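Input: a single structure, listed below in structure tokens.
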2 protein chains.
Amino acid sequence: MKPQICHLPSDCRPVSEILSRIGDKWSVLVITLLGDAPLRFGELKREIGGISQKMLTATLRALERDGFVLRRDYGTVPPKVEYELTELGRDLLVPVTALAAWARQNQTHVEEARRRFDDACPERTGGSG
Amino acid sequence: MKPQICHLPSDCRPVSEILSRIGDKWSVLVITLLGDAPLRFGELKREIGGISQKMLTATLRALERDGFVLRRDYGTVPPKVEYELTELGRDLLVPVTALAAWARQNQTHVEEARRRFDDACPERTGGSG
DNA sequence: CCGTATCCTATCGGATACTG
DNA sequence: CAGTATCCGATAGGATACGG
């Protein structure tokens, strides 16, 4: 997810960067789960229940690359790999948790707004006013 | 833009929902700009500088639908349409701003982590080999 | 058990042309 | 100026098969 060109004050670039990263699909989910406790690959997959190996791997790789997640390979047979949040990851968890709290608190407002919009929309979408 | 099925505790669903919405591409940018002042369509487009009409329209529609943005059509010729944050939108601005602040503060840490990762596993970064 | 590679589809998102 | 419709490339992401 390239952050595209941006002519705005310094606010936009890092924010779009982070948002594109953690807002991608499963990242917040993974971060939240790992914020609770370190988990193995399979445990994460089972907990999430709906993610493909490919996406879980990609998500973890990206998170690891960004320094949010630490991959701990025990090098055993059968393989055992544990993932845990780094300090940066736990740090990120704070504003993410705040956003999560907001989302839970205002969830119904958003849903109502959507219903209102969808109800008003078909009569409006043709013209303005 | 579906949030997919999710078997997790109540945390994940609304968060993924919100994150998928505002983390999509331009939404945070638009919200941040409108958080400063109401703006017309063309002003937004010029300020962002890199967004297409299609995407700006889509982004604003989605934001309007979710109740974050109010579309004010003056019904004049030539057309004049102003967009501003609703109360819900301004409310959302709070955790988003917090995340933005975090992003700015930790931007270098992330970049360093990426460099470290790319330096440590050059053969894995590309994915194809 | 922990991945990787490939295929395939849906969506994202830009460029462009057109309307009112 | 504000917005829509269409075409097109790029990417996200699931299903599956294969490998250590």
Side-chain angles (χ1 to χ4, degrees), chain A residues 1-6 16 19-30 38-64 69-83 121-122 124-129, chain B residues 1-6 16 19-30 38-65 69-84 121 123-129:
Chain A
M1 189 72 85
K2 289 277 178 66
Q4 86 276 335
I5 319 100
C6 180
S16 294
L19 258 292
S20 295
R21 174 58 67 224
I22 69 174
D24 61 349
K25 192 66 181 179
W26 306 98
S27 294
V28 165
L29 218 45
V30 171
L39 289 172
R40 298 180 60 176
F41 185 90
E43 290 174 334
L44 270 170
K45 189 167 187 318
R46 232 172 303 118
E47 289 282 333
I48 296 175
I51 191 173
S52 56
Q53 296 101 313
K54 176 186 170 183
M55 282 318 295
L56 183 51
T57 302
T59 302
L60 287 169
R61 276 279 181 286
L63 257 26
E64 187 192 0
V69 162
L70 176 68
R71 179 179 183 274
R72 195 182 295 272
D73 190 342
Y74 288 85
T76 59
V77 175
K80 171 176 177 178
V81 180
E82 253 183 12
Y83 292 92
C121 193
R124 263 193 47 214
T125 31
S128 32
Chain B
M1 204 74 89
K2 285 277 180 68
Q4 84 280 332
I5 319 100
C6 179
S16 294
L19 259 292
S20 294
R21 173 59 67 225
I22 69 174
D24 60 349
K25 191 63 179 182
W26 306 98
S27 295
V28 165
L29 217 45
V30 170
L39 289 172
R40 299 179 60 176
F41 186 89
E43 289 173 335
L44 270 170
K45 190 168 187 317
R46 233 172 303 119
E47 289 281 333
I48 296 175
I51 191 174
S52 56
Q53 296 100 315
K54 176 187 170 184
M55 282 318 296
L56 184 51
T57 302
T59 301
L60 288 169
R61 277 279 182 285
L63 257 26
E64 186 192 1
R65 190 174 105 98
V69 161
L70 176 68
R71 179 178 182 273
R72 195 182 296 272
D73 189 342
Y74 288 85
T76 59
V77 174
K80 171 176 177 177
V81 180
E82 252 183 12
Y83 292 91
E84 58 182 291
C121 343
E123 61 267 0
R124 291 194 333 185
T125 317
S128 31

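Treat the numbers as computed from the prediction; the structure is a model and nothing was measured. Labels below follow one simple rule: chain letters A, B, ... track the order of the sequence lines, proteins then strands, and each chain is numbered from 1.
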Side chain A:T59, main chain A:M55, donor-acceptor under 3.5 Å: yes
Just the rounded figure in Å: distance from [atom2] of [N] to [atom1] of [X].
| X | N | atom1 | atom2 | answer |
| --- | --- | --- | --- | --- |
| B:M55 | D:dA2 | CE | P | 18 Å |
| A:L44 | C:dC1 | CG | P | 14 Å |
| A:K54 | D:dC18 | NZ | P | 17 Å |
| A:K45 | C:dC2 | NZ | C1' | 12 Å |
| A:Y83 | C:dC1 | OH | C1' | 11 Å |
| B:K80 | D:dC1 | NZ | C1' | 12 Å |
| A:L60 | C:dC1 | CG | P | 17 Å |
| B:I51 | D:dG3 | CD1 | P | 13 Å |

Any side-chain heavy-atom pair of [X] and [Y] under 4.5 Å:
| X | Y | value |
| --- | --- | --- |
| A:L60 | A:F41 | yes |
| B:L56 | B:V30 | yes |
| B:E82 | B:E43 | no |

Among [options], which is the nearest nucleotide to the side chain of [X]?
| X | options | answer |
| --- | --- | --- |
| B:V81 | C:dG3, D:dG3, C:dG14 | D:dG3 |
| B:R61 | D:dC1, D:dG14, D:dT4 | D:dT4 |
| A:F41 | D:dG3, C:dC2, C:dG14 | C:dC2 |

From NZ (A:K45) to CZ (A:R40), nearest 0.5 Å: 14.5 Å
Polar pair under 3.5 Å, donor/acceptor by atom type, side chain A:K25, base D:dG13: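 Counting by modelled atom types and ignoring angles, no donor-acceptor contact under 3.5 Å is found here.
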Distance test, side-chain N/O of A:R71 to OP1/OP2 of C:dC2, below 4.0 Å: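 Checking C:dC2 against A:R71, no side-chain N or O comes under 4.0 Å of OP1 or OP2.
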B:R40 side-chain N/O to D:dA2 phosphate OP1/OP2 under 4.0 Å: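 Checking B:R40 against D:dA2: at least one side-chain N or O falls below 4.0 Å of OP1 or OP2.
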Of B:Q53 and A:G42, the one whose closest DNA chain C nucleotide lies more 5': A:G42
